[in-house]
Each structure stands twice: as structure tokens, then as C-alpha cells.
Amino acid sequence: MRIAITATGAGRVAIGDPDGPERHEVDREHLPALVARLEAEHAPRWVWRDTREWAPLLLAHGVRVARCHDLRLCGAILAWSTAVATARDEAPARPEWLPPGPAEAPVDEPVAPVASVAAHAALFELDAPSEIRSGDGSRPPSLADLDAEHDRQLALADAADSPGAMRLLLAAESAGALVAAELRTAGLPWDRGEHERVLEAALGPRPAPGRKPDRMEELARAVREALDAPSLNVDSHADLLRALRAAGIGVGSTARWELREHDHPAIEPLLAYKRLARLWSANGWAWLDEWIVDRRLRAEYVAGGTATGRWATSGGGALQLPKVVRGAVTADEGWSLVVADASQLEPRVLAALARDPAMAAAGRGRDLYRAIVDAGVVESRDEAKVALLGAMYGATSGDSGRLVPRLGRAYPRAMALVDDAARTGEAGRRVTTLLGRSSPLPPTSWHETQARANGVDATAADERRARSAARDWGRFTRNFVVQGTAAEWALCWMASLRPRLAAMSLPPGAPPASASGPAFERMPHLVYFLHDELIVHAPEGLTGAVADAVRESAAEAGRLLFGEAPVEFPLDLDIVRSYAAVS
DNA sequence: GAATGTTGCGCC
DNA sequence: AAAGGGCGCAACATTC
């Protein structure tokens, strides 16, 4: 059974099952209770334009749904997938009320500004993410519109090259949208005091507004002295580069890896300064004030936010939390963190994707890199890692590029898969993940560069530029198939874990409720996701059951994508009070 | 003075 | 030690 939800204006909401008796129109404030009742009675798949329009409101009232279909995210996948190309030519177009997906904007063609964002924003709940758009600002869809679009999308999925794979992708993407909303509502438990201790140990006491921390000022003075440049602004790349060269340090930029090459008394304080400056500006006191509210980091996750299907964030920088501040991630009293990451996910995905028997054999144990050494392909684990990353990223030089050919001889099918993806991209064509997410086409400027090189009056420089641009795009598509399929594995992992956690609950008389809000205070819940890693906030008495569920979900994700293919996806899993306690 | 581009660095 | 993929963000520099 499915039930669609849409706004009808003036704070009213229509809700309806196209084939059944459940048709209602209610005030917004009565929606959570109604959804809760229908969820309990029918466990429907909820069909809506955009999960971000509805999930925050429901979660704020403690209401969770098990399944949904996010028409915006699924529509974006179907609009690009090569797996439905033929059917799409014959199907109706995406309706105008359905906005594009988060990763659909072409690289060099900025999206046109939305007509009336402010006017539309008022329709949404206050706690909804700020940048929700209604597409072109036209009328919201009717229930019939939603049902028709849902039917259109399901028909496209049924007509896909692998209908089961596409249906799985749409379900996983929609589940991801629910998880993203839930992560934001629950928040990542954050100990402000612990974070402040880290800052003070590194930077000294919090400076007055407009001042830099003492430790940074000291280091800046040392740099100016060592470079004999008393008026140098250390924060200015241009200024700094001039001063470095004047002091006889032959660098082409002020990047850390280049500075490290030189032996000069200015280098050490400069590198220390840059490290502290980064901590201060990215995760300093100002960040704490802005982002840590009520013991929680509530970052905005953008499901499907990147071309490959990996998520992005908007605000809070939750996907770039530096290791030094992770000690501030601390479970509530009576609760624990179950931290799990899929080790060596991408090479394992490559092995399974390519059905490369030799590489799959290496991926059967816990350490794929070690197995490559044991198979005699390279001499050290470090070399195995660098070679594999080089193969997936398209390295051509350095140690990595040198080792790749040896990998190719040992694992020809895996290498053929990524090489083929690279050639497809170099030709300006799209590649597609296992479940059916396709890469974008290169920007018009790319095509123009290629056309210029093929013209009658092409210069050697034109041809060089075109070859370089083609190889760049080839590296992108080479990586796309692996990174994108790994993202699908991770989505399936979470989609499988979510209902398992929802089925658990805090035993009576057990620890206090968590501070994660009414939807999560009495059950284990996801609080963090980072590409191939997740954190569950769990009552202490349930950590064992949660760990089992996390492992079973990882195994389930492997089966969903690859059937019984002989590649394992082992987890590194820890049960801790603080994130710092993990490797 | 606001918008846009570049650089550098944090994460996977 | 260096350089291959995907990102977001802050700061500075440049342009309008």
C-alpha cells in the first residue's frame, strides 16, 4: 500500500491512498498523529515530493515511518540513468513541479535563481532545512500528480536493464533520505567541554573577539623573524609566497607538502601555524557557538548530494570533522556509541563488481592489502594500498603509477573494468554504477575543447589541452563506478540497519532516555554517517544487539548488491563512550 | 561593497 | 615522498 502526502496551501495537508479509503485533509499540526495512525495500521510506502518537506515535522513529534519514495531523488536518478534510456525516450517527461536532484546542476552552468524562495519558505516548518526549493515556485502537486509521477517512476524502473537493481536503488536512495533527516533531528552527541579542552591545549585560551589565539600569534612572530619580514601577513598566500622566496626558499606555492621539502628555520613554525589556523577557523570556538546546541551537532546532510551518490553536507562540516576534535563526540549518560566502518570498502567493491576471481580471493579475508602481498603481487602492504588506490583513481606517475601495471597483470578483470570506465569517460560518454546511477556528461566547455582539437586549424596546444581534459574526465568516470557502487553498498547497509534498530527499545527501568528528541530517546538510533562509517547511539544494555544488527546489515548489503559473490565486507567495530577511543 | 575565483586543507 | 577520485569550508584576492 502507498499513501501520498502534499500541501494544499493555507497550512492544510492532503493525504491519500489512490486505491483505498484513506483520504484526508487536515491542518498541518494534525498531520503527525494521522501519519502515526496510518503507519501503525497499514505500514504504507509514503510517497512525497521531497522527504525534507515532511520528515522534520514528523520527527519533531516523535513519528517515524518505515518506508518512503522520494520523488525528487528518484526522479533525478531516473532522469540520467543509462539503464532506463530507451524507456525514458517514450515516457512522459519529469513534471515541472518536481525539482532537480541535489547533484544535477551541470558543472559549468549555474542553476537559475529560484523566483520566490522567501515566499515559499513560509510554507515549510521552521526547522526544515533552509534551502528547500519548490522547483520553479509553481503550484504544489496534487495527490493525483504524486500518484501519476510515482507510477511513471515505477514504470521506468520496471523497464530498466536490471529492474530489480533499479528498484533497489530507488528504495535505498529513499531510505537514505529518511536517514539524513533522522541524523539531523537526533544530532551527534557532542561534549562542548571536551572540545574546549582540545582547543585550549592546542591554541591557548579563547582570544577576545577580533584577536587571534596566543599560540598562533607566537608562531606568526617566529615566522616573520625567521623570514626577516616584519610586516608579513602569514594568512595571505601571496604575501607569504613572496616572503618565502625572498628568504631563498624556492617554493611554487605555500602548500604544506611543498614546504615540508625545505630545510629552513621558518618552515617548522609556519607548518605549526597553518595547522593551528585550520583548527581555529574550521572547528574553533566560533564553530562551537554556531553548531553545538543542546549537546548536539545538528548538521544538514544532503542525501544524493554528489554525482557519485555519496552524501554531501551543507553547513556544520560534519563530513570533515578532524580527528583531533572527535574526542568531543561522547554518548549520553547510560548510553554508548557503536562505531563501525567497512574496511577497504572500495577495493572490495571493485573485486565484486568485476567478478575478478583472483582479487575476490584476496578480498575473502580481513586484510585485502595483505592478501595482495601474500599473493606475491607487490612487496609490502603499503605498496598494495598505493597501487590499488592508484588503479581506482587513475594514477599515472609516482610510486603509485609505477605499481599499477603489476596489479593489472595479477587482476586483469578488475583492471579492465576501471580502464573501460576511463575510456568511456574520455570519449565523453556516461558510465553507470551496479544499481544504475549514471555519471553526468562533461560540461559544454569540455566538448568545445575536444571539438577545437579535432578542427582543421587545431594547434599542438589545442590537442594537448584536449587530451589532458579527456584524461581528467576519464579519471572521474574511472573512479565513479567504484565510488558510486560503494555508496550504494553503504546506502543498503543503512537501509537494512534502520528497521532493525527501530525494532529495539529501551527496557523498562533501564538507563535514562537519550537527549536525541522524542523520536529517538528510547531506542538505539543512527547519529553519524561518513561514506563507509556509521555511529549508532545505543543504550548500554543493547550495545551487543546493536553490534550484531550492524554486522548483519553489512552482510545483507553485500547480498543485496552482489548476491552470493565471494567477497566479504568485514567491519571494524568498536563499542565506546567517546569517538576518540576508536583507532 | 558584494559577488566570484583561487588556494589550501580537513574528511573518505 | 608524491598525486590519482569525491567533497565543504574559510580566508584572501580579484572583479564588477
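A note on names: the letters A, B, ... follow the listed sequences, proteins ahead of strands, and every chain is numbered from 1. We use all heavy atoms of the structure for the numbers below, so side chains are in, but hydrogens, waters and symmetry mates are not.
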Open item on the list: Tell me whether the side-chain N/O atoms of A:Arg478 come closer than 4.0 Å to OP1 or OP2 in C:dG5.
Closed with: no
Open item on the list: Just to be sure I understand the rule, does A:Thr254 reach a base, reach only the sugar-phosphate, or reach nothing, if contact means heavy atoms closer than 4.0 Å?
Closed with: sugar-phosphate
Task: Whole-Å distance separating the CD atom of A:Glu346 from the P atom of C:dG5 - done: 13 Å
TODO: Starting from C1' on B:dC11, measure out to CG on A:Leu279 and report it in whole angstrom.
DONE: 15 Å
- [ ] Send over the distance from A:Arg471 CZ to C:dG4 C1', rounded to a whole Å.
- [x] 13 Å
TODO: Grab the CG-C1' distance between A:Asp341 and B:dC11 for me, whole Å please.
DONE: 13 Å
Open item on the list: Does the protein touch nucleotides 6-12 of chain C at the base, only the backbone, or not at all? Give it as B, S and - per nucleotide, heavy atoms under 4.0 Å.
Closed with: BSBSSSS
Open item on the list: Regarding A:Arg256, tell me which of base, sugar-phosphate or nothing describes its non-hydrogen contacts under 4.0 Å with the strands shown.
Closed with: sugar-phosphate
Open item on the list: Tell me whether A:Arg366 contacts the main-chain N or O of A:Pro570 through its side chain, where contact means a donor paired with an acceptor under 3.5 Å.
Closed with: no
- [ ] Choose from C:dA3, B:dG8, B:dC12 the nucleotide whose nearest atom is closest to any side-chain atom of A:Ser253.
- [x] B:dG8
TODO: Return the nearest nucleotide to the side chain of A:Asp399; candidates are C:dA1, B:dC12, B:dG8.
DONE: C:dA1
Open item on the list: Any salt bridge linking A:Arg475 with A:Asp472? Criterion: basic side-chain nitrogen under 4.0 Å from a carboxylate oxygen.
Closed with: yes
Task: Distance in angstrom units between A:Trp257 CH2 and C:dA1 P, rounded - done: 13 Å
Task: Whole-Å gap separating C1' (C:dG5) and CG (A:Leu417) - done: 15 Å
Task: Distance-only side-chain donor-acceptor flag, A:Asp70 / A:Ser174, under 3.5 Å - done: no
- [ ] Would you please indicate if the ring centroids of A:Trp287 and A:His195 are separated by under 6.0 Å?
- [x] yes
Task: A:Gly252 backbone acceptor or donor facing A:Glu258 side chain under 3.5 Å - done: yes
Task: Whole-Å distance separating the CG atom of A:Leu259 from the P atom of B:dC9 - done: 8 Å
Open item on the list: Can you see whether A:Thr82 engages A:Thr432 through a side-chain donor-acceptor pair at a distance of less than 3.5 angstrom?
Closed with: yes
- [ ] Could you check whether A:Tyr393 and the base of C:dG4 form a stacked pair, meaning centres closer than 5.5 Å and planes differing by less than 30°?
- [x] no
Open item on the list: Rounded to whole Å, please give me the gap between CD in A:Glu383 and P in C:dA2.
Closed with: 17 Å
Open item on the list: Whether A:Lys274 contacts B:dC9 is assessed here as follows: a side-chain N or O lying under 4.0 Å from the phosphate OP1 or OP2. Is that the case?
Closed with: yes
Open item on the list: I'd like to know whether the aromatic ring centres of A:Trp291 and A:Trp285 sit less than 6.0 Å apart in this structure.
Closed with: no
